[in-house]
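Chain letters run A, B, ... following the sequence lines, proteins first and then strands; every chain starts at 1. Small disclaimer: the values here were computed from a predicted structure and weren't measured.
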Amino acid sequence: GQQLNQSPQSMFIQEGEDVSMNCTSSSIFNTWLWYKQDPGEGPVLLIALYKAGELTSNGRLTAQFGITRKDSFLNISASIPSDVGIYFCAGHASGNTPLVFGKGTRLSVIA
Amino acid sequence: NAGVMQNPRHLVRRRGQEARLRCSPMKGHSHVYWYRQLPEEGLKFMVYLQKENIIDESGMPKERFSAEFPKEGPSILRIQQVVRGDSAAYFCASSPPSNEKLFFGSGTQLSVL
């Protein structure tokens, strides 16, 4: 089945720094979604991307749908302590296939 | 507009017992999905249901696991004769008919003793 590879697995950054993480797949995806999960909670949708090349922002977060349709990245600018959590990429290979998740990037922010 | 509601939040069962996990989708959402998450892992798809129909159960173990989404009431994920390996967080998500954006509940943490 489809697999999503997320990197890095974890990162430690200083408050105020920018963060970048990415997600790649071996097959084409039609939709990319980025979620954040806090401990003991379900994933919360951050950004949804629907077209190759699309660049979308949500506050300090920016995500892009790669031109090849096999990758996506998420940037967080000027990180703050509440950005701590696990960030998951997810994608649909087609409208009828289940949403597939990467293994996540664990972000720690040092104040 | 309430989000996806899951209960219980925590469920403890002894080996061999049955576990029933419930999920009420967001208002207006007719599609329900169940995912399982092990510690330090991503979410693994289990099953996708619409009202009274199982659309895709390709991620469901062949034995002991079943799911339903009746015409009335919540979706139920049922695990019979639980084993220690069933311990995990089980998340339910719902979506509108477009099926593109999934919204997740807070999950049920199942612990099998």
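In terms of heavy-atom pairs under 4.5 angstrom with chain A, the leader among B:K101, B:Q6, B:K44 is B:K101.
For B:Y48, no part lies under 4.5 angstrom from a heavy atom of chain A. At a 4.5 Å heavy-atom cutoff, B:Q109 makes no contact with chain A through either its backbone or its side chain.
In this view, B:S24 and B:M5, B:P74 satisfy the side-chain contact (heavy atoms from CB on, under 4.5 Å) rule, not counting sequence neighbours.
Cluster partners of B:L38: none. The rule joins Ile, Leu, Val, Met, Phe, Trp and Tyr whenever side-chain heavy atoms lie under 4.5 Å apart, and it links nothing here.
Taking the charged nitrogens against the carboxylate oxygens, B:E40 and A:R106 do have a contact shorter than 4.0 Å, which makes a salt bridge. Between B:D86 and B:R13 there is no salt bridge, since no side-chain N of the basic residue sits under 4.0 Å from a carboxylate O of the acidic one.
Inspection of non-hydrogen atoms places A:Y35, A:Q37, A:G40, A:E41, A:G42, A:P43, A:L45, A:A48, A:Y50 of residues 35-69 of chain A under 4.5 Å from chain B.
By the rule that hydrophobic residues join a cluster once side-chain heavy atoms approach within less than 4.5 Å of another member, B:Y33 and B:V4 end up as members of one cluster.
How far CG of A:N22 is from OG1 of A:T24: 6.5 Å, rounded to the nearest 0.5 Å.
Contacts classified as disulfide bond (SG atoms under 2.5 Å apart) and involving residues 64-113 of chain B (residues at least two apart or in different chains) are given here: B:C23-B:C92.
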